[in-house]
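Here the structure is laid out as structure tokens; the discussion comes afterwards.
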Amino acid sequence: MTERNRRGAFIFFAAVAGVISALVFLAAAELSALLLARDSSPLLAVGSFVIDVVPQPLKEFAISTFGEFDKIALLLGLGLAVVIASAAAGMLQLLRPPIGVLMLGIAGAACVAATTTRAGATPLAFLPSVIGAVAGAVVLVLLCRRLVAWRRAASVPSDVVEPAADRPGDPVAIDRRRFFALAGIAGASALIAGITARAVNAATSSVAAIRKGLRLPAARTSVTIPEGAELDIPGISPLFTPNADFYRVDTALTVPTVDPATWRLVIDGMVDQRIELTFDELVAMGLDEYAITLTCVSNFVGGDLVGNAMWLGVPIRDVLRLAGPHADADMVLSRSVDGYTASTPLSALTDDGLDAILAVGMNGEPLPLDHGFPVRMVVPGLYGYVSATKWVTELTVTTFEKDEAYWTPRGYSAEAPIKFSSRIDTPKIGKTVGAGRIPIAGVAWAQTVGIEAVEVRIDDGDWQRANLSTPINADTWVQWVLEWDAEPGNHYVSVRAINKNGDMQVEEAAPIAPDGSTGWQRSLIAVE
Ligand SMILES: Nc1nc2c(c(=O)[nH]1)N[C@H]1C(S)=C(S)[C@@H](COP(=O)(O)O)O[C@H]1N2
Ligand SMILES: [Mo]
């Protein structure tokens, strides 16, 4: 081996040592988080911090590129950054000690900052990061020490070295072995301990078991599903979106686990008296069924960030009435256990004609953990980000002037009514269909107002009225269908809706920010 090659090899092994130290850092932190401070995993805390600080366009790019996998993409990106930075730390520790150790210290400090500033951080939240940083630094120092010993032995020409009496064999081979033994043991045990700790942490969330055992009282009133409410067409969205298929959008890197036994709802701010409700007290107010279609502001025209569910809940107006909101208030800032906030106009929550609810059930079961267990808000007619706070724990009666919500400084409007829209479900875009009579079908929604008509156009033909399913109410979507004699070739199929006020769906295309997309969906369909 030439001197240059040898130098390069040692620097490479130093990079490996750095990455192994980072693994030890993370594993020690995960393990101590499991034992000492459950929710203080530094990797997840840093990930959540990144979610909160990344610029809006990047967040939109992530959602549009990775969809529901945006969080996995974030974790992979974060992992890559950790590998690069820790490899650099290892090389610097070898070439310019103690810079590598200093870098681990800085990483530890950043993790302490991220874990201790999370909403609901426990007093011991700093500890896993500190333990992790110390463990990582110790391993890095030891590995580099062995690497230096190996390099020193290797740089002495072998013909002048006499095998020492107390160290039989080739000294270079011995020092090399000592380095690889420590690297291998540290790396393997970090991987095993880290992955096990994270898995145990997730699997032993007792809240999942509590949810399974939870029996909600029966609804006092149920929603009548009219005859003809659901069309029987292959490929159309079902009238009610199964929970497993229901879109999920939130800023939570890991799903918050909230025990209903310790859950509290606080109503405070501009009220006559501060109120605190337990889960049992809330449920005892009486549960009723509500069919409401939820829509995300990030839903682009033709997108799937919209779903319909049968909710079980309590009107928010009844809960607010207990506290007595002041007349000069105009907003309710709802807060989640994870610190997320939404700003909802007070009037949307107190209006007798609007079914704004605190939901505890979804499609016949307790709310799924990732849809807000044990309690979330659902408000017909407002995008989710300004109304549908999951894992909700506080309602602060306030004003738009005084307070702002999570998304307001991040490029979204403080108030955001849903823009009514329509979507083609079948035939699927880009799918080739056989010529002949086929249904073009989909859904359309205009929460709080209702859909009057849906119109479909093939290529440059006339707009044709589609058949509608019988609406359940104005807050849920309707299904629509138009039979089409498809002829071979490529065809553009467009759809637009008219609401019960007689307004036409906005034709002009608008992006999702700051307050929701507009435009007519136009799909290219290939017919053979
Ligand atoms: N705690 C919390 N609640 C939240 C959010 C969030 O990020 N955190 N996102 C909101 C947004 S943007 C939408 S569209 C809906 C989505 O609800 P779902 O995930 O049950 O479909 O939840 C809302 N509630
Ligand atoms: Mo959303």
Side-chain angles (χ1 to χ4, degrees), residues 221-231 233 236-241 246 288-297 299 301-311 313 315-317 344-345 347-357 359 363 377-384 386-388 415-425 440-456 463-482 494-507 515-521:
T221 61
S222 50
V223 173
T224 327
I225 310 293
E227 193 81 19
E230 183 149 25
L231 304 177
I233 295 164
I236 199 171
S237 303
L239 182 61
F240 287 99
T241 317
F246 207 95
D288 295 293
E289 263 186 6
Y290 300 87
I292 301 169
T293 297
L294 207 63
T295 312
C296 182
V297 70
N299 192 46
V301 171
D304 55 9
L305 298 180
V306 51
N308 185 44
M310 185 69 86
W311 309 96
I316 297 179
R317 76 178 90 82
T344 314
S347 58
L349 303 179
T350 51
D351 187 338
D352 279 329
L354 266 179
D355 289 330
I357 56 166
N363 291 328
M377 291 170 58
V378 178
V379 182
L382 302 181
Y383 284 120
V386 289
S387 71
E415 297 189 56
I418 294 171
K419 298 175 182 174
F420 71 98
S421 193
S422 49
R423 178 178 78 194
I424 303 166
D425 289 336
I440 303 173
V443 284
W445 56 93
Q447 291 93 327
T448 74
V449 176
I451 292 288
E452 173 67 29
V454 170
E455 297 182 334
V456 179
W463 286 97
Q464 307 174 55
R465 290 245 154 160
N467 283 322
L468 302 186
S469 64
T470 312
I472 298 175
N473 58 32
D475 297 335
T476 53
W477 62 18
V478 292
Q479 299 171 319
W480 57 265
V481 61
L482 183 84
S494 308
V495 64
R496 65 185 191 185
I498 296 154
N499 73 6
K500 289 232 185 265
N501 291 338
D503 303 321
M504 171 61 68
Q505 181 178 335
V506 174
E507 178 178 12
D515 59 2
S517 64
T518 59
W520 296 343
Q521 186 183 354

Pairwise side-chain contact, [X] with [Y], heavy-atom cut-off 4.5 Å (strictly under):
X    : Y    : result
I498 : M504 : yes
I440 : Q464 : no
D304 : S237 : no

**Message:** Using 0.5 Å steps for rounding, measure from the OG1 atom of T448 to the CG atom of D351.
**Reply:**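 Those atoms lie 9.5 Å apart.
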**Atom pair OG (S422) and CG (N499), whose distance is rounded to the nearest 0.5 Å** = 11.5 Å
Shortest non-hydrogen separation from [X] to [Y] and the atoms involved:
X    : Y    : answer
W311 : A359 : CE3-CB, 4.1 Å
L294 : A388 : CD1-CB, 4.0 Å
G313 : Y290 : O-CE1, 3.7 Å
T476 : A291 : CG2-O, 3.2 Å
A356 : A348 : CB-O, 3.6 Å
L482 : A466 : CD1-CA, 4.2 Å

Examine distances only and state if a side-chain atom of [X] and a backbone atom of [Y] form a donor-acceptor pair shorter than 3.5 Å.
X    : Y    : value
D355 : P380 : no
R423 : G303 : yes
T344 : V386 : yes
N501 : D503 : no
N363 : T241 : yes
W480 : V443 : yes
W477 : T293 : no
R317 : D352 : yes

Mind checking what makes salt bridge (Lys or Arg N to Asp or Glu O under 4.0 Å) contact with [X], not counting sequence neighbours?
X    : result
E289 : none
E230 : none
D475 : none

**Asked** Which is it for V306 and W445 under the side chain to side chain contact (heavy atoms under 4.5 Å, CB included) test, yes or no, and what are the steps along the way?
**Response** CA-CA 9 Å; V306 51; W445 56 93; 3.9 Å; yes
**Message:** What verdict does the side chain to side chain contact (heavy atoms under 4.5 Å, CB included) test give for M310 and I225, after you've listed the backbone C-alpha separation in whole Å, the side-chain angles of each residue and the deciding distance to 0.1 Å?
**Reply:** CA-CA 11 Å; M310 185 69 86; I225 310 293; 4.0 Å; yes
**Prompt:** Of I236, N467, T470, D425, which is the lone residue that meets side-chain contact (heavy atoms from CB on, under 4.5 Å) with Q479?
**Reply:**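 Passing option: I236.
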**Asked** Hey, which of L349, V378, V379 is the one that makes side-chain contact (heavy atoms from CB on, under 4.5 Å) with S387?
**Response** V379
**Message:** Checking side chain to side chain donor-acceptor pair (under 3.5 Å) between K419 and each of T295, T518, N299, D515, which is the one that passes?
**Reply:**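 For K419, the side chain to side chain donor-acceptor pair (under 3.5 Å) test succeeds with only one of T295, T518, N299, D515, which is D515.
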